[in-house]
Each structure stands twice: as C-alpha cells, then as structure tokens.
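The structure presented is a predicted model; accordingly, all values stated were derived computationally and were not measured. Chain A is the first sequence line, chain B the second, and so forth, proteins listed ahead of strands; every chain is numbered from 1.
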Amino acid sequence: MRLSKYFLPTLRENPADAEVVSHKLMMRAGMIRKVAAGIYDYLPMGLIVIRKVENIIRKYMNEAGAIEVLMPAVVPAELWKESGRWNVYGKELLRFKDRHDRDFCMGPTHEEVVTDIVRNEVKSYKDLPINLYQIQTKFRDEVRPRFGLMRGREFIMKDAYSFDTTDEGAEKSYRDMRDAYCKIFKACGLKYKVVEADSGAIGGNFSHEFMVTAETGEDFVISCDSCDYAANIEKAPVIDVWQEEDEPLKSVERVETKNMKTVTDVANYLGVPEKKVVKTMILRAGNDDIIAVMIRGDHELNMAKIKNFLNVPYVEFATPEEILKSTNGPLGYSGPIGINVKIFADNALKGMKNYVVGGNEKDIHLLNVNHGRDFSIVAFSDFINAKPGNTCPKCGGKYVITKGIEVGHIFKLGTKYSKSMKAIYLDKDGKQQYIVMGCYGIGVGRTAAAAIEQNHDEKGIIWPIQMAPFEVAILPLNDDNEDVVNLAETLYIKLQKKGVEVILDDRKERAGVKFNDAELVGYPIRVNIGKKTLENGEVEIIIRKTGEKISCKKDDALSKILEIREKLYNED
RNA sequence: CGGGGCGUAGCGCAGUUUGGUAGCGCAUCGGUCUUGGGAACCGAGGGUCGGAGGUUCAAGUCCUCUCGCCCCGACCA
C-alpha cells in the first residue's frame, strides 16, 4: 500500500474525550472515529487490525471443530420472550418496533437465536455434538459506554455455542473452547490469565474469563502468589477463618453520631477500629424481597456472592424509601435491631462481639451489639470481596490483586435455554432429552484495544506483529533524491512479492512527520531510506518493539527484513 | 439512574465573571524557502458560538427549556 493513496488521518493531539491510552492512540493513529457515544467508525487501519483478530479467532475456532454461521443482528421479541429474558434483560437490550408494530431488539448475545436454529434442525443424538459460532456486530445499550472500543455499545464479538447430548460432552466442549481461547490469545501476542468467573446474567453452572493484564483494566483479578489459582473478584472465595473474640458481652449503649454516615467517621469518633463497626446493607433481592446483609466495616460487599447465595436473578441496593419503610430509619444508619427483614451476615461476623451498628435513626449508633443476644441472623456465608492477603482455597497461599481487561468469557450453560426453548434430541433409546449447552464469547475490538493497553510507549502503539495493520513500513526520507526514491520503490515491490504486508510512506512529507506517524501507528518493522546512509550504501531497519536500529547494506535489506519478520512471529 | 463538568473553525482551546465588530495554536489552500525527528516566512479560505424560545437598542456572554458529549458512582458479556 502506498500511503499517499491511502486513508490514514492521524491526529497530532489527543482527542479531548478520550481517557485511556488505547482510545487515545486508536483515535490518533486514524483507526477509529466516534459517531455517537459508544458507536464508532472503523477506518482502514482499524479495520485491518479487527480483521486480523477475527482471522486468528477463525483459525483456532475452526481447528477446534466449531463451524461458522451468521445470525441476524435484529432479533424478533418472540424468541426472547420464549427464553424469558425479554423481561429480565433490562434497558441494555435495545428494543424497537417494526412498521407492523411488532417488537424487535438488537441482539446483545445470541443464545435464543442459535437455540432456535438447533431445535429446528437437530433431532437426533447422531447430529450432536455441534458448535456454531459467528463473528458479528452486537449492540448493548450500556448505561455508560467508555474507553473507546473497550466498552462500546456497538461492538464486534465472536460468539460460539456448543450443543451436546450429555453433561460430560458439554464439559469436553468447554475444555476444547478453553484450549482454543488460550491458543487465540497467545497467537494475538497477548499476556493473559484464565480466571474463574461468576456466570452473571447469561446463567449457567461454571465459567472462566480470559483477562489481559493491564493497568487500565476494569476488572479486578484475584490470583494466588504460590499456585496458579486465579478468579474474578466477584467469584474469589474468602475462606479465612476469622478470630473468635474473647471478651465478655457488654450491654448495648446508644450513642449520638451526628452527621456521621461513613464507617471511618464513626470508628474515629468512637475510638474503635473500623473492623469493629458493622455495616448493615439493605438490599432488594429478586422478587422484590428486602433483606439486610451485615459485613465488617473494613470489608466490601460482593453483590454477586449474595445473588448466588440467595439464588435470585438480581440483587440491588434498596432505595432510601425502601430503607425507610423496612427499617424506619434513614440511609446510612441502618442496623439489625428492630427491623423485620431477614438478616444475613458475612462469615467474618461469626466470632465478633460487642460491635457497633446503626441505630435505624438519624445520628444514632449502637455500641456493644451482639448477634444471638440482640437479634438473630438467618445465615452466615461469604458475602465480601476478597482482598490481597486472604487465603487461597487451593493451596493456602496468599491472594494478590491485579487489574485485567476481560477479552473472553466462556460459560457452561447446561440446559437453561434448551429447557425454556425446548431444544430436544432423541437419544439411542428414542427418549427425548434436553440438549446441554455452552457459550463462548470474545470481544474482537476489545482484544485489539487490550493489545494497545499492553503494548505502547509515549510515541504510540507497538503492535504485536500478529495484529499489526502492516508488518513493514518503508520511509523514503528525501523525496527529491532519486536513489532514495528508487530504492524505496524497489524494496517495496520486492517485499510485496515475498508476501510481506508493507506500506510505503511516499507522501511529500518531511522525515520527522514520517517518523512520528510510523511510531504512532506502530508498524513492527520500519525501514529508513535516506540519502545520508545511502551514501555508504546502507539503510536502517528499526524494530518498533525494542527500538533496535540495524544498519545494513542496501542489498541485504530484503533478507534482513524477512529474517526479522520471521523472528517477531516466533517470539513469545 | 444519582452527582459533577463541557459544547465557540477539521482538531486542541481562549473569550462568558462585567452584554458592545468572533479570536489563538495546529491542520487546510496558494506562494517562497527548506528537506534525517511533527521547519520558517508571506498570503488566503473556513463559524447557524449544540438547538429552540425569551430579556435587551444590542446576546457566544443574561434567563427558560432542550439535545449531545465527558468524568465519578451505581449497573454490566
């Protein structure tokens, strides 16, 4: 490709609305442009990168036996009503009507559609297992899209769905996908972790996330410092045995805590450690049940754990009105005594004595409260976020915490959708059985963004060669020098003939502009051809990743470039 | 959905407090000169000041409404 005839609008300055480095660099490197919040154009360079990621995904999906299809982006409401998700999915599901006033939505995921295909076409155990996947534009009307392609509303996703006759079969399909995903992210040149995850709104029995480690990640990953255990913070269990406090029970004391809503305020004021202050959170669980969950002041509530413990579809904080109604007190002063909702407590509370709780009254807390004596707890369980230093459930090591970008997520669904949508096959005995499903997603744009988060410097992107829009950039530095131009042209043609993806910066620009654009866009290999070095018959080859500058005789350039390219592909 | 902020040339911003001819840098176009790290100089074009309504002799600036975008939180494959 000749850059003079290409479309690469680079930006010198960072766009005002970009926050994270991948967003800034994708904008500046002319890969994407915003059309609306969370909705982007893919410009040529961006599209090439997207297609490269897609093709890597295709290769390993096909290798794992999955078969590509393409389902509609616009999905009739009937399918979603059938699975029951039409009423559950919430505002993220973009709904609209066609001219006949029929309900439709933009598919945010395709369990319903793919299950519909399979139930219509697959009748026998002989047709199974099967794994169908697609690479398609999805839409989720996120409350707050942000960070460019990292969290768009419209985004390209690879989603695969496996169908098996048995649970064991489904688990094999799951393992196969897990292995394929490992190959995919490795082939993308990314550093990643496979972590245990909560299965969330998709539902199902177990699930893993593929996390690219990056400072700007939105997910917290708990991993062990001495074994390979890793889990999303939503999932990572806290198994520490908390101390049984050995102090005599004191009598409850009512204290005024004017305008102190936070645990820190209350603890400081009363002169007790934060962990002696117990937070009582009022929540609304599925079916509109109001419940209370008590956790230690220095701990964080984990909604996913509560949701799973109660086995309900969602858990939310109660509104101030609901709190007033169920506790007779204002937000910020809730406590367990005298309220008539079910009270659950984190394991850490088991051995605690004489702690501080809210008084269900403005500016009032209670001292020396004890469960059992002053109120009763329905159940103890693990309701808090793990912290660094907690004990690993697998080996007894210590937890550490890192941030990650979720680029892939795999779920074992079981029969959730096959039951609600009646996807049935006949087994060997002619008996009807539900098909056992799994689903497997990869965020394509997010994978590209994650690669930038992980590979960049102050000058721009440093593409892993597998994802780079072009493998080699040739920069003739003196437009008016015939030798320079001729050599650049010759080398450009020769590289093309060798099948190298090469771009020739033949724009009438000064050297500095070409250097800066090349570094911004992040071509793995750059060839400088200038009259200064050409006087000695030499050109410069620069490896973006290492910054290494190799001078070589102009006649050796071709073989040297091929050699470096080969080396870059075989690294990692 | 709660809190905060922003909308002025393609991009980045000033001007709004205190109403009085719409500006700066970069980019673009023409020219001179330069040519290995986003050159310099001369000249030019480009604006419904997000939109609607109002106050006023006069509104980018004040008032009301509205739309869009960003950040924090909540939520979320």
Side-chain angles (χ1 to χ4, degrees), chain A residues 9-20 23-24 27-28 30 33-39 85 89-93 107-111 138-148 150-153 155-160 197-204 207-211 218-219 232 234 283 301 303-304 307 314-320 331 405-411 413 439-446 459-460 475-481 484 505 507-520 526 528-535 539-540 542 549:
Chain A
T10 55
L11 265 29
R12 194 185 293 210
E13 284 173 288
N14 280 320
D17 58 3
E19 194 72 8
V20 299
H23 187 192
K24 289 177 185 167
M27 291 288 294
R28 287 188 51 204
R33 285 294 182 266
K34 187 171 72 184
V35 179
I39 298 176
R85 286 207 289 183
Y89 211 86
K91 287 191 182 167
E92 255 190 43
L93 185 64
T109 173
H110 279 67
E111 284 79 7
K138 301 270 189 253
F139 197 94
R140 293 185 191 172
D141 200 356
E142 295 269 355
V143 191
R144 184 144 95 84
R146 56 184 139 172
F147 303 157
M150 207 118 102
R151 177 178 289 265
R153 293 145 91 201
F155 58 101
I156 299 170
M157 172 168 161
K158 187 285 303 178
D159 48 327
D198 184 68
S199 45
I202 298 269
S207 141
H208 286 86
E209 288 167 336
F210 288 73
M211 294 283 195
E218 295 184 87
D219 290 280
N232 191 300
E234 292 196 329
L283 305 170
L301 191 67
M303 299 282 231
K307 195 189 73 182
Y314 67 90
V315 172
E316 291 171 353
F317 283 112
T319 61
L331 174 68
I405 300 164
E406 180 194 350
V407 289
H409 201 157
I410 58 179
F411 301 83
L413 291 174
C439 82
Y440 318 93
I442 293 178
V444 176
R446 190 183 276 190
K459 300 243 178 201
L475 276 55
L477 302 175
N478 315 91
D479 305 309
D480 55 350
N481 182 302
V484 166
D505 192 349
R507 295 174 302 170
K508 299 276 173 279
E509 289 287 354
R510 296 164 65 88
V513 175
K514 295 187 182 188
F515 290 150
N516 284 314
D517 271 352
E519 279 157 334
L520 175 60
R526 182 175 110 211
N528 289 348
I529 302 179
K531 67 178 179 192
K532 210 189 265 180
T533 56
L534 207 51
E535 279 166 12
V539 300
E540 288 165 348
I542 291 136
K549 189 190 275 186

Would you find a donor on one side and an acceptor on the other, under 3.5 Å apart, between the side chain of [X] and the backbone of [Y]?
X        : Y        : value
A:Arg153 : A:Phe139 : no
A:Lys158 : A:Val444 : no
A:Asn481 : A:Lys531 : no

[N] [atom2] sits how many Å from [X] [atom1], rounded?
X        : N     : atom1 : atom2 : value
A:Arg33  : B:C69 : CZ    : C1'   : 17 Å
A:Phe210 : B:A77 : CZ    : P     : 18 Å
A:Glu142 : B:C75 : CD    : P     : 13 Å
A:Glu316 : B:G2  : CD    : C1'   : 14 Å
A:Phe515 : B:G37 : CZ    : P     : 7 Å
A:Asn232 : B:C75 : CG    : P     : 14 Å
A:Glu509 : B:G37 : CD    : P     : 14 Å
A:Glu218 : B:C76 : CD    : C1'   : 10 Å

Look at all strands and tell whether [X] reaches a base, only sugar-phosphate, or nothing, counting heavy atoms closer than 4.0 Å.
X        : answer
A:Arg28  : base
A:Met157 : base
A:Phe155 : base
A:Arg507 : nothing
A:Glu13  : base
A:Lys459 : base
A:Glu406 : sugar-phosphate
A:Gly530 : base
A:Glu540 : base
A:Lys34  : sugar-phosphate
A:Glu519 : base
A:Gly443 : base
A:Arg446 : base

With the criterion being N/O to N/O and under 3.5 Å, what pairs connect the protein with nucleotides 71-73 of chain B, and how long is each?
unit_1	atom_1	unit_2	atom_2	d
B:C71	OP2	A:Arg144	NH1	3.4
B:C72	OP2	A:Arg144	NH1	3.0
B:C72	OP2	A:Arg144	NH2	2.6

Working to the nearest 0.5 angstrom, can you tell me the gap between [X] [atom1] and [Y] [atom2]?
X        : Y        : atom1 : atom2 : result
A:Leu475 : A:Arg526 : CG    : CZ    : 6.0 Å
A:Lys532 : A:Leu477 : NZ    : CG    : 9.5 Å
A:Asp219 : A:Glu209 : CG    : CD    : 6.0 Å
A:Ile405 : A:Phe147 : CD1   : CZ    : 10.0 Å

Starting the side chain at C-beta, find the nucleotide from B:G36, B:A74, B:C1 nearest to A:Lys532.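 So the nucleotide nearest the side chain must be B:G36.
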Side chain of A:Glu92: nearest nucleotide among B:U35, B:A77, B:C76? B:C76
Now, which nucleotide makes the Watson-Crick or G-U wobble pair with [N], with each of the two distances under 3.5 Å?
N     : value
B:G68 : B:C6
B:U35 : none
B:G25 : B:C11
B:U61 : none
B:U56 : none
B:C1  : B:G73
B:G47 : none

Distance, [atom1] atom - from [M] to [N], rounded to whole angstrom:
N     : M     : atom1 : result
B:C11 : B:U28 : P     : 15 Å
B:C62 : B:U16 : P     : 9 Å
B:A59 : B:G51 : C1'   : 15 Å
B:G45 : B:G30 : C1'   : 10 Å
B:C75 : B:U48 : P     : 43 Å
B:G50 : B:G5  : C1'   : 16 Å
B:G12 : B:G38 : C1'   : 15 Å
B:G53 : B:U61 : P     : 14 Å

Closest nucleotide of RNA chain B for A:Leu11 versus for A:Asp479: which of these residues is on the 5' side? A:Asp479
Please tell me which of A:Ala37 and A:Arg12 maps to the more 5' nucleotide of RNA chain B, matching each residue to the nucleotide holding its nearest heavy atom.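 Checking each residue's closest nucleotide, the 5'-ward one belongs to A:Arg12.
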Applying ring pair (Phe, Tyr, Trp, His ring centres under 6.0 Å), can you list everything that pairs with A:His208, at least two apart in sequence or on another chain?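 Ring pair (Phe, Tyr, Trp, His ring centres under 6.0 Å) check on A:His208 returns A:Tyr174.
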Sole residue of A:Lys549, A:Glu540, A:Lys514 in side-chain hydrogen bond (donor to acceptor under 3.5 Å, both in side chains) with A:Asn528: A:Glu540
Phosphate contact (B:U35 OP1 or OP2) by A:Arg510 side-chain N/O below 4.0 Å: no
Taking C-beta and beyond as the side chain, do A:His23 and A:Arg146 meet within less than 4.5 Å on heavy atoms?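 In short, these two side chains do not touch, never coming nearer than 4.5 Å.
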Distance-only donor-acceptor test, A:Asp517 side-chain atoms vs B:G38 base atoms, 3.5 Å: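 Under the 3.5 Å cut-off, the side chain and the base do form a donor-acceptor pair.
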Tell me every residue that passes side chain to side chain donor-acceptor pair (under 3.5 Å) with A:Glu218, counting only those two or more places apart in sequence or in another chain. A:Arg151
